[in-house]
Amino acid sequence: MQEETKQTIWTTRLQDHAASGQPIRSWCAVNNVTEASFHYWRKRLSPAPATSTKLIALPLLGGHGEQVLEVETPTGYVIRLRSQAQVDWLGAVVMALR
């Protein structure tokens, strides 16, 4: 089966489930679909989450020992950069991860 056809079938199935109001387990049993397949396609076809975090450029202030940039992630990790070279390095890493 072609990929586009699978996507169309699963888009319809997910809409049918949402309209049914049934729990996933019940809906899958009635429709002869495995729960694993249901979850796989729901995740695959869901839109990518919007990013709410924006990075902005700030002027370089300070002298010896002062932080240049501190980034705290939503999960609590903290990244402290103390030189312009580290800030440039972080920019390159972020671009590589995109």
Side-chain angles (χ1 to χ4, degrees):
M1 191 179 300
Q2 290 184 353
E3 191 64 25
E4 288 179 20
T5 305
K6 287 181 184 179
Q7 288 181 359
T8 302
I9 290 169
W10 275 98
T11 297
T12 302
R13 285 178 176 169
L14 293 170
Q15 290 169 346
D16 290 347
H17 167 259
S20 75
Q22 292 180 317
I24 293 170
R25 179 168 288 164
S26 301
W27 186 90
C28 288
V30 169
N31 290 278
N32 296 317
V33 173
T34 66
E35 288 183 57
S37 292
F38 180 92
H39 290 293
Y40 169 82
W41 281 101
R42 183 174 64 175
K43 182 177 180 179
R44 182 167 176 189
L45 295 174
S46 66
T51 57
S52 61
T53 305
K54 303 278 185 200
L55 295 178
I56 59 170
L58 298 174
L60 183 60
L61 301 174
H64 302 293
E66 291 185 29
Q67 293 177 187
V68 174
L69 175 67
E70 181 174 301
V71 178
E72 184 173 349
T73 68
T75 55
Y77 290 102
V78 178
I79 302 168
R80 289 184 187 92
L81 305 176
R82 292 188 171 90
S83 71
Q84 185 59 45
Q86 290 176 335
V87 172
D88 294 341
W89 172 84
L90 179 62
V93 169
V94 170
M95 292 303 292
L97 293 174
R98 287 186 169 179

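- Looking at residues two or more places apart in sequence or on another chain, you find no side-chain hydrogen bond (donor to acceptor under 3.5 Å, both in side chains) involving Thr8.
- Among residue pairs with one or both ends in residues 16-32, those qualifying as salt bridge (Lys or Arg N to Asp or Glu O under 4.0 Å) are Arg25-Glu35; sequence neighbours excluded.
- Remark: Leu45 CG to Lys6 NZ distance equals 12.0 Å, nearest 0.5 Å.
- Applying the side-chain hydrogen bond (donor to acceptor under 3.5 Å, both in side chains) criterion to Ser46, with sequence neighbours excluded, gives no partner residue.
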Problem set entry | Chi angles and distances behind the side-chain contact (heavy atoms from CB on, under 4.5 Å) call for Ile24, Arg42 | CA-CA 11 Å; Ile24 293 170; Arg42 183 174 64 175; 3.4 Å; yes
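- The aromatic rings of Trp10 and Trp41 sit parallel to each other, their planes meeting at less than 30°, with 60° as the upper class boundary.
- Here the SG-CZ distance, from Cys28 to Arg13, works out to 9.5 Å after rounding to the nearest 0.5 Å.
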